[in-house]
There are 4 protein chains.
Amino acid sequence: MRNIYTDLALEMAEQLGDGLEGIDMQTEQIDNIKTTTISIKSEAGERNMGKPRGTYITIESPDIKIADIDAHEQIMAILTDKLAVLRDGLKIAPQGSVLVIGLGNRDVTPDALGPKVVSKILVTRHIMETLPKEIFGGLRPLSALAPGVMGTTGIETAEVVKGLVENIKPDLLIAIDALAARSIARINQTIQLADTGIAPGAGIGNRRMALNRENLGVPVIAIGVPTVVDAATFVNDTLGMFLAQMSEDTPEFLKDGAAFFSMLNNLEDNDKYAIIRNTLDPHMGNMFVTPKEIGEVVRWLSNIIANGINMAMHRGIDKDDINRFMH
Amino acid sequence: MRNIYTDLALEMAEQLGDGLEGIDMQTEQIDNIKTTTISIKSEAGERNMGKPRGTYITIESPDIKIADIDAHEQIMAILTDKLAVLRDGLKIAPQGSVLVIGLGNRDVTPDALGPKVVSKILVTRHIMETLPKEIFGGLRPLSALAPGVMGTTGIETAEVVKGLVENIKPDLLIAIDALAARSIARINQTIQLADTGIAPGAGIGNRRMALNRENLGVPVIAIGVPTVVDAATFVNDTLGMFLAQMSEDTPEFLKDGAAFFSMLNNLEDNDKYAIIRNTLDPHMGNMFVTPKEIGEVVRWLSNIIANGINMAMHRGIDKDDINRFMH
Amino acid sequence: MRNIYTDLALEMAEQLGDGLEGIDMQTEQIDNIKTTTISIKSEAGERNMGKPRGTYITIESPDIKIADIDAHEQIMAILTDKLAVLRDGLKIAPQGSVLVIGLGNRDVTPDALGPKVVSKILVTRHIMETLPKEIFGGLRPLSALAPGVMGTTGIETAEVVKGLVENIKPDLLIAIDALAARSIARINQTIQLADTGIAPGAGIGNRRMALNRENLGVPVIAIGVPTVVDAATFVNDTLGMFLAQMSEDTPEFLKDGAAFFSMLNNLEDNDKYAIIRNTLDPHMGNMFVTPKEIGEVVRWLSNIIANGINMAMHRGIDKDDINRFMH
Amino acid sequence: MRNIYTDLALEMAEQLGDGLEGIDMQTEQIDNIKTTTISIKSEAGERNMGKPRGTYITIESPDIKIADIDAHEQIMAILTDKLAVLRDGLKIAPQGSVLVIGLGNRDVTPDALGPKVVSKILVTRHIMETLPKEIFGGLRPLSALAPGVMGTTGIETAEVVKGLVENIKPDLLIAIDALAARSIARINQTIQLADTGIAPGAGIGNRRMALNRENLGVPVIAIGVPTVVDAATFVNDTLGMFLAQMSEDTPEFLKDGAAFFSMLNNLEDNDKYAIIRNTLDPHMGNMFVTPKEIGEVVRWLSNIIANGINMAMHRGIDKDDINRFMH
């Protein structure tokens with residue numbers, strides 16, 4: 001069985017089940033926040049997961065998308081810790097410089113996550129030399145850019161980033177992007193960190209060239225959050241739920257309709273998805289689904305992620321400093 | 001049979017079929033643009049349509065949502081004409097003042113239509129007295145406000161508008177709003193004008209108190225464009241298409257599954273919708289579906305509508321003047 | 001000697017000197033923050049100050065306009081206290097409702113202070129009834145609107161506000177506005193609170209009808225911050241400084257030029273200002289002066305003021321809650 | 001006599017007077033629009049002007065900053081012509097690709113000109129290959145980026161541009177920037193084109209590394225518009241006007257004050273400016289002056305410039321097409 005491709009390593013792993021060769025998976029639960037660390041350690045693991053070797057950390061919480069601010073601070077703290085883990089795994093020196101890239105289109109609400117994060121980064125690269133050491137002792141040279149999307153610039157994002165990396169030579173790149181989820185239940189609930197860069201084709205726009213060490217020559221930590229699902233995925237999901245509901249509610253029909261029903265249910269997910277894509281394409285192939293509250297959720301997420309980056313990358317800065325610096 | 005409620009009179013009429021008592025319907029087609037005028041003329045018509053007496057004009061074109069600018073200018077011209085028809089039907093005097101209200105949330109792309117239209121209105125109310133007559137001879141006192149949404153102001157839109165109307169006493173109110181369509185095929189393809197005001201509960205936000213002559217004491221022309229569909233509607237639509245596709249592709253199954261399949265197909269639309277709403281609610285009740293190009297389509301729509309209003313309300317102004325004034 | 005009119009009671013009082021009839025003035029200094037409370041208590045005081053009876057509180061600190069965040073939090077705390085003093089002086093009940101109005105043009109950076117404050121207000125008016133008492137026990141019904149400026153709406157601000165007040169009947173109105181300072185040294189360093197409303201003609205735009213109890217029927221606390229100086233004021237200030245500098249640097253010239261120099265120096269401020277206005281008018285009468293950092297200073301100021309309002313108006317909310325709610 | 005440095009070649013030339021070695025100057029007047037073409041042709045010319053060899057075209061009109069739209073269209077047509085002259089002078093092939101760079105800070109109104117122009121460029125580079133030849137026969141590959149300012153990115157603009165140029169290898173770069181004028185009379189009245197790139201230190205921000213052929217390896221057309229004056233310049237200008245006014249109004253004083261007055265008047269402009277800078281520095285060194293209407297003037301200017309670029313770079317596109325494409 002071939003599985004549906006997904007940007008989230010966690011979804012891949014869930015489809016594949018336990019005990020796979022070359023894959024390590026560990027889970028922590030703190031209150032309402034579940035953190036899963038998946039390590040792909042060998043070629044077999046890469047083959048199994050369809051993803052390059054590296055560490056994929058998923059922070060999941062239903063509280064991301066509601067106004068529970070204590071939970072948001074907890075998530076920010078965990079994100080900070082995990083970013084530090086990836087940073088150390090990549091052996092970035094304490095004074096190593098970091099370039100933050102916010103992918104996506106600032107004019108489309110659920111795709112504006114990256115640009116919004118960039119606007120909240122505590123950039124220091126341009127002032128490192130002019131300020132007294134006691135103030136900036138713990139700070140790193142941080143810079144940040146939102147390069148826009150190809151539809152409005154005519155330039156592929158990776159082209160902008162590649163040129164920039166060659167010129168300012170950061171020791172680490174952090175790329176933030178809004179993703180398209182493969183499950184409606186995951187929208188605005190999941191933050192994925194990966195030390196392998198960003199795979200092509202994600203999100204609302206079509207960004208094709210990968211931002212990773214092969215293409216750019218520097219390590220790339222990707223931070224992705226599913227903020228939309230595409231239309232076909234959405235229908236696929238809800239069709240499943242609908243059929244389940246029908247089977248519960250109307251058992252008498254099932255005796256008669258058993259074959260049709262079980263045919264529907266037994267369709268490979270890939271096949272069902274293909275039929276749906278096919279059905280939808282002429283009418284709404286380019287539609288996406290997102291919650292009505294997306295505006296404020298993107299604002300919350302951009303705070304969580306920007307401040308997680310600020311705290312993980314600048315040493316000696318804590319939550320209070322961040323609240324101050326960024327206010 | 002009870003029909004699904006829809007903001008679009010045209011959809012209502014299509015569900016009901018021809019020859020209904022108290023309802024008049026006329027259609028014009030120019031190139032790719034279809035204009036339908038529905039008049040509800042009696043109590044029977046009101047009962048049949050579930051809408052108050054008045055004129056409902058729908059301008060439909062698949063070209064609204066693509067970059068065919070000649071078509072956009074044609075649509076703008078038709079919109080201008082039809083606004084003038086409604087204006088004259090309401091007996092607004094040549095010098096009568098007009099207040100334009102842009103409903104919706106400027107921070108959520110598909111809901112920002114109203115605020116964007118407002119920003120392009122040629123407001124003149126504050127300068128009518130100070131400028132020479134030969135310049136402003138053809139202009140009307142026009143004013144425009146985007147009052148925001150209740151979630152960010154704490155105030156119901158109608159409360160802001162009511163107070164404003166009482167103070168500046170316009171002769172006509174024009175309200176623009178993004179609507180939720182009941183059919184995916186209608187998103188960004190339809191502009192509805194109505195001289196009866198805006199019915200409650202439309203669109204992405206929840207705006208409850210109607211903007212109409214009863215509540216405000218002035219006639220209200222509503223301009224609505226469906227820019228999203230809600231999640232349940234979307235699934236309902238696509239489920240239908242999916243089942244149709246299935247029945248075409250897999251006839252052999254249908255013999256066996258006939259009862260189940262025909263049960264699905266024979267569900268009243270209302271019942272099917274209810275089951276779907278039920279299925280979805282806990283997971284995604286508040287989701288909406290919109291196309292990826294929504295950013296630029298809303299920009300185009302706001303130009304078409306704003307300039308239609310400018311031309312219909314200010315006499316002696318044509319498309320070239322508008323291009324000039326608004327650039 | 002007639003004095004130059006200024007929106008700041010403090011500047012008026014400084015021009016007039018000590019011991020004026022009907023005027024009380026008290027000063028507190030905490031670290032780098034000076035707070036001055038001026039009470040105008042009688043008709044004589046009104047005449048002397050050219051301002052209506054009431055309390056005017058000025059919070060001054062050079063740290064407002066630099067990134068010293070500890071100072072910003074101190075200022076926010078003092079602002080909260082002083083807003084509470086004015087609120088209690090006006091006898092607003094603990095559950096009394098408050099409407100916050102952000103004046104100014106969101107598209108011109110130094111005039112966008114009011115709209116930015118509004119976007120950060122914790123509005124609750126629309127949810128007071130639907131939420132459990134234990135959560136909202138300490139909250140007041142708060143609502144907030146940025147009505148735009150006459151140039152883009154065609155409507156005088158006071159007309160929008162008046163209608164709104166008549167409809168939602170708040171117990172208190174708080175109006176925030178960017179002001180034009182009469183001294184360059186005061187830009188972005190001074191927050192003035194007044195329980196007498198906002199005097200006409202202030203700031204960058206021309207807003208003429210006053211927002212006060214007479215016009216609106218509810219008490220009005222005005223919060224004003226000078227973010228610009230107008231061109232003539234700026235030249236007036238710098239001409240003075242230039243002449244002082246010249247007299248220091250070139251004493252030998254002064255013997256000869258004494259009459260001209262002392263003529264310049266002895267011009268009444270009003271006369272000098274009039275000559276300058278005259279000189280400037282055809283060329284730059286409508287220019288304003290503002291610092292390059294105005295973008296970030298307005299952001300800081302909007303946080304200080306919005307959170308001061310949030311804390312002073314919602315009971316039981318402290319700085320941490322605010323950081324949480326608003327992030 | 002050393003002259004004050006200015007970004008505008010025209011101001012340089014006016015200071016220097018006629019008949020300078022190595023400099024050619026030609027003027028055209030159409031209605032209210034004056035166009036001056038200055039060619040610096042030799043080393044002597046470079047020395048005299050303090051600027052590199054090349055062509056500098058200045059389009060001046062008082063109508064830029066008022067709502068005279070016919071004049072705006074005239075200016076747009078002249079700008080288009082002159083851009084074509086520079087393009088041809090640089091021998092850019094008909095299919096040569098062009099990268100448009102919008103300098104400046106989108107969050108500070110008078111500095112947002114560049115980013116606003118970028119948002120209105122008809123980018124085609126990413127779709128040249130996918131579209132039918134008959135449609136795109138006259139189009140060039142155009143791309144556009146607004147790289148932000150160092151204060152918010154931590155990266156010098158030229159670093160972003162250099163990397164991008166190396167990667168996408170355009171045949172021509174066009175850079176748009178808001179400048180600081182050296183004369184208040186010039187704000188928002190002058191558009192300068194130069195085929196020599198952008199000199200460092202211009203405008204509101206501090207952008208130091210030049211965008212020119214030496215640094216980037218491609219020819220650079222710079223489009224600059226003075227939208228502000230810095231505080232010291234403003235005072236310098238107005239001091240001069242003030243003194244002139246004084247000498248007219250109060251001749252009797254001048255006899256006595258002659259020496260002081262003539263001292264003031266005889267100060268080299270550079271010295272006077274230095275004294276003023278000195279006087280101002282501690283208090284307002286970083287202030288700028290701009291008109292109250294800056295918001296709408298920047299919008300008009302961005303339309304004029306963006307559409308001038310669109311028409312000059314894409315062949316076979318006229319004003320009507322532009323109105324259509326960009327609406």
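In what follows, chains carry the letters A, B, and so on, assigned in the order in which the sequence lines appear, proteins first and then strands, with residues in each chain numbered from 1.
Residues meeting the side-chain contact (heavy atoms from CB on, under 4.5 Å) test with B/Val118, sequence neighbours left out: B/Val100, B/Ala144, B/Ala146. With sequence neighbours left out, the salt bridge (charged side-chain N to carboxylate O under 4.0 Å, His left out) criterion links B/Lys82 to B/Glu28. In this structure, the side-chain contact (heavy atoms from CB on, under 4.5 Å) partners of C/Ala312, at least two apart in sequence or on a different chain, are C/Thr80, C/Leu83.
Between C/Arg125 and B/Ile155, the closest side-chain pair of non-hydrogen atoms falls below 4.5 Å.
Within residues 158-170 of chain B, the residues approaching chain C closer than 4.5 Å by heavy atoms are, in numerical order, B/Glu159, B/Val160, B/Lys162, B/Gly163, B/Leu164, B/Glu166, B/Asn167, B/Ile168.
The CG atom of C/Leu99 sits 9.5 Å away from atom OG1 of B/Thr153, with the distance rounded to the nearest 0.5 Å.
Only the backbone of C/Thr152 comes within less than 4.5 Å of a heavy atom in chain B; its side chain stays farther off.
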